[in-house]
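Structure first, commentary second.
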Amino acid sequence: MSASESAIAAAEAHSAHNYHPLPVVVATAEGAWMTDVEGRRYLDMLAGYSALNFGHGNRRLIDAAKAQLERVTLTSRAFHHDRFADFCTQLAELCGMEMVLPMNTGAEAVETAVKTARKWGYRVKGVPDGRAKIIVAAGNFHGRTTTVISFSTDPEARADHGPYTPGFQIVPYGDLTAMEAAITEENTVAVLLEPIQGEAGVLVPPPGYLAGVRRLTRERNVLFIADEIQSGLGRTGRTFACEHEGVVPDVYLLGKALGGGVVPVSAVVSSREVLGVHRPGEHGSTFGGNPLACAVALEVIAMLRTGEYQRRAAELGEHLHHELNLLTGTGAVEEVRGRGLWAGVDIAPGHGTGREISERLMARRVLVKDTHGSTIRIAPPLVISKEDLDWGLEQLREVLAQ
């Protein structure tokens with residue numbers, strides 16, 4: 001057996017199944033490139049589902065982490081530490097908000113937002129206890145906790161995990177009429193949406209949809225919660241995907257890139273009216289907002305403030321989508337969707353499943369990932385060079401031409 005085969009066999013023997021990874025075993029990585037245990041180099045065109053927006057081993061982030069490792073890494077929230085206030089202040093300023101509630105993973109941020117919206121509904125809006133309703137969109141992906149999969153429409157995520165958490169209504173994504181009909185009840189406390197649905201295949205809603213949801217939620221005293229965990233922090237060419245429609249939600253959910261691919265960092269960011277409903281002891285996390293996480297996230301915030309990464313995503317994203325759209329004329333691609341350096345590519349029947357295309361690209365040293373059978377997702381680190389991006393796209397063209 002090769003070194004890769006041996007490592008994969010060992011993992012299969014001792015780890016429970018969750019993801020279905022491609023058969024590559026990464027040993028080192030830098031920038032947009034990863035090297036496996038046999039020394040083969042691969043172009044990373046997935047970037048950890050946007051967790052690696054700033055590339056592998058980004059020197060600024062590694063240096064920030066190393067410096068903090070020498071000082072203190074964890075205090076728990078039982079005590080204050082000297083990086084916490086700066087992190088909360090600067091992240092709130094980046095979002096144009098007032099308060100931050102830090103967690104670790106994206107799913108934790110979503111769970112925290114659900115609890116926050118319900119508590120706001122009871123304490124501020126006056127919804128009867130136990131009656132709060134949150135509206136979500138079909139095709140959503142907000143994580144895999146028991147509550148989150150309760151409002152998923154993905155059978156693989158839901159199956160055999162019931163009983164499910166009540167209190168959610170699912171409406172079609174992008175359908176403003178359905179949304180308007182859904183939030184007529186006084187018990188509605190929030191609308192929770194991805195500005196662009198990632199796991200669903202990088203679905204961009206129709207123009208005006210997000211602005212329409214923002215208008216409806218304001219009119220009816222309902223919180224608009226934007227899950228920007230995958231779409232935010234530069235991926236789409238703006239700091240937040242909501243900005244493409246000039247929308248500012250009531251609550252931002254952030255994660256993935258906030259930790260720079262170094263440590264898990266997530267956050268709920270909102271106004272004092274919303275996050276101020278929490279009282280000491282009502283919610284918490286031992287690792288949430290720890291010193292190491294704050295140090296790395298502060299460097300991420302500083303990098304985003306320059307606008308450099310947003311500009312790169314916008315410029316290279318325009319090139320990416322131009323090249324991908326040319327493939328729709330070959331008959332091998334049915335549709336291309338996305339924004340910035342983020343694309344979902346639907347492979348035409350007869351040209352291979354999304355998994356098969358991903359495996360063929362892996363054989364050519366390009367790494368992407370499939371979703372929903374026939375779709376591949378492309379989301380390289382924002383630091384990728386145009387030359388490397390073009391090389392990766394050339395491999396895709398050749399695979400589809402086979």
Please output the side-chain donor-acceptor pairs of residues 394-402 that fall under 3.5 Å, not counting sequence neighbours, one pair per line with the distance.
unit_1, atom_1, unit_2, atom_2, d
E394, OE1, R397, NE, 3.0
E394, OE1, R397, NH2, 3.1
Q395, OE1, R364, NH1, 3.3
Q395, NE2, W391, O, 3.2
R397, NH1, E323, OE1, 3.3
E398, OE1, R364, NH1, 2.6
E398, OE1, R364, NH2, 3.4

Quiz item: What salt bridge (Lys or Arg N to Asp or Glu O under 4.0 Å) pairs are there with at least one residue in residues 15-30, not counting sequence neighbours?
Solution: none

Quiz item: Is the distance between the ring centroids of F151 and Y164 less than 6.0 Å?
Solution: no

Self-check item: Counterpart residues, ring pair (Phe, Tyr, Trp, His ring centres under 6.0 Å), relative to F224 (two or more places apart)
Solution: none

Quiz prompt | Residues R215, E219: salt bridge by 4.0 Å N-O rule | solution = yes

Quiz item: Does the distance from a Lys or Arg side-chain N to an Asp or Glu carboxylate O, for D82 and R71, drop under 4.0 Å?
Solution: yes

Quiz prompt | Audit row: T375, D346, side-chain hydrogen bond (donor to acceptor under 3.5 Å, both in side chains) steps and yes/no | solution = CA-CA 4 Å; T375 302; D346 290 343; 2.6 Å; yes

Quiz prompt | Exercise: do E334 and T328 side chains pair donor with acceptor under 3.5 Å | solution = no

Self-check item: Any side-chain donor near an acceptor of the partner, H283 and K115, under 3.5 Å
Solution: yes

Quiz item: For the atom pair CD (Q90) and CZ (R83), what is the distance rounded to the nearest 0.5 Å?
Solution: 9.0 Å

Quiz item: Which salt bridge (Lys or Arg N to Asp or Glu O under 4.0 Å) pairs, counting each pair once, include a residue from residues 156-183, with sequence neighbours left out?
Solution: E180-R220

Self-check item: Between CG on residue L320 and CG on residue L393, distance to nearest 0.5 Å
Solution: 6.0 Å

Quiz item: How long is the gap from OG1 on T236 to CZ on R339, to the nearest 0.5 Å?
Solution: 7.0 Å

Quiz prompt | Heavy-atom pair of closest approach, residues L258 and L254 | solution = CD2-CB, 4.3 Å

Practice problem: Could I get the full list of ring pair (Phe, Tyr, Trp, His ring centres under 6.0 Å) partners for F287, not counting sequence neighbours? | Solution: none

Quiz item: Got a sec, which residues hit side chain to side chain contact (heavy atoms under 4.5 Å, CB included) with E12, two or more places apart in sequence or on another chain?
Solution: I8, H17

Exercise. Give a yes or no on whether a salt bridge exists between R355 and E359, defined as a side-chain N under 4.0 angstrom from a carboxylate O.
Key: yes

Quiz item: Which pairs with one or both residues in residues 96-106 pass side-chain hydrogen bond (donor to acceptor under 3.5 Å, both in side chains), sequence neighbours excluded?
Solution: N104-E108, N104-S285, T105-E108

Quiz item: ring pair (Phe, Tyr, Trp, His ring centres under 6.0 Å) with F141: which residues, sequence neighbours excluded?
Solution: none

Exercise. Decide, yes or no, whether a salt bridge links K125 with E186 under the criterion of side-chain N to carboxylate O below 4.0 Å.
Key: no

Practice problem: Applying side-chain hydrogen bond (donor to acceptor under 3.5 Å, both in side chains), name anything that partners D250, two or more places apart in sequence or on another chain. | Solution: R214

Quiz prompt | side-chain contact (heavy atoms from CB on, under 4.5 Å) evaluation trace for V24 with L367 | solution = CA-CA 9 Å; V24 58; L367 298 178; 4.2 Å; yes

Practice problem: Please assess E111 against T145 for the test side-chain hydrogen bond (donor to acceptor under 3.5 Å, both in side chains), listing each intermediate value before the final yes or no. | Solution: CA-CA 8 Å; E111 286 272 0; T145 62; 2.5 Å; yes

Quiz item: Is any NZ, NE, NH1 or NH2 atom of the basic residue among R123 and E282 found under 4.0 Å from an Asp or Glu carboxylate oxygen of the other?
Solution: yes

Practice problem: Could you tell me which non-hydrogen atom of P291 sits nearest to which non-hydrogen atom of V72, and how far apart they are? | Solution: CB-O, 3.3 Å

Quiz item: Does CD in E318 sit with more than 12 non-hydrogen atoms of other residues, nucleotides or ligands closer than 6.0 Å?
Solution: no

Quiz item: For H351, what residues pass the ring pair (Phe, Tyr, Trp, His ring centres under 6.0 Å) criterion, not counting sequence neighbours?
Solution: none

Quiz prompt | Test log, rule side-chain hydrogen bond (donor to acceptor under 3.5 Å, both in side chains), inputs Y173 and N140 | solution = CA-CA 8 Å; Y173 186 63; N140 71 78; over 6 Å; no

Quiz item: Hey, mind stepping through T146 and H161 against side-chain hydrogen bond (donor to acceptor under 3.5 Å, both in side chains) and telling me if it holds?
Solution: CA-CA 7 Å; T146 306; H161 295 304; over 6 Å; no

Practice problem: Kindly give the heavy-atom pair with the smallest separation between E38 and S4, and that separation in Å. | Solution: OE1-OG, 2.5 Å

Quiz prompt | Spatial distance of atom CD1 (I134) from atom CD1 (I170) [nearest 0.5 Å] | solution = 12.5 Å

Exercise. Just do the side-chain contact (heavy atoms from CB on, under 4.5 Å) check on V274 and L223 with the steps written out, would you?
Key: CA-CA 9 Å; V274 174; L223 300 179; 3.8 Å; yes

Please tabulate, one pair per line, all N/O donor-acceptor pairs under 3.5 Å involving side-chain atoms of residues 376-384, not counting sequence neighbours.
unit_1, atom_1, unit_2, atom_2, d
R377, NH1, E199, OE1, 2.8
R377, NH2, D370, O, 2.9

Quiz item: Rounded to the nearest 0.5 Å, how far apart are CZ of F240 and CG of L304?
Solution: 8.0 Å

Practice problem: Could you label the plane-to-plane angle of the F87 and F84 rings as parallel, tilted or perpendicular, counting under 30° as parallel and over 60° as perpendicular? | Solution: tilted

Quiz prompt | Minimum heavy-atom distance between R118 and A132, given as atom pair plus value | solution = CG-CB, 4.0 Å

Exercise. Work out which heavy atom in A293 is nearest to a heavy atom in V263; give both atom names and the distance.
Key: CA-CG2, 3.9 Å

Quiz item: Are side-chain N/O atoms of E194 and S231 paired as donor and acceptor at under 3.5 Å?
Solution: no

Practice problem: For residues 300-333, pull every pair meeting ring-ring contact (aromatic ring centres under 6.0 Å, His included), keeping only residues two or more places apart or in separate chains. | Solution: F54-Y309

Self-check item: Test item: W33 and H56 side chains (from C-beta on) under 4.5 Å apart, heavy atoms
Solution: no

Quiz item: Would you say the side-chain atoms of Q230 and K256 include a donor-acceptor pair closer than 3.5 Å?
Solution: no

Quiz prompt | Distance, nearest 0.5 Å, that separates CG of L275 from OG1 of T112 | solution = 9.5 Å

Quiz prompt | Given I229, I149, V148, the one that forms side-chain contact (heavy atoms from CB on, under 4.5 Å) with H142 | solution = V148

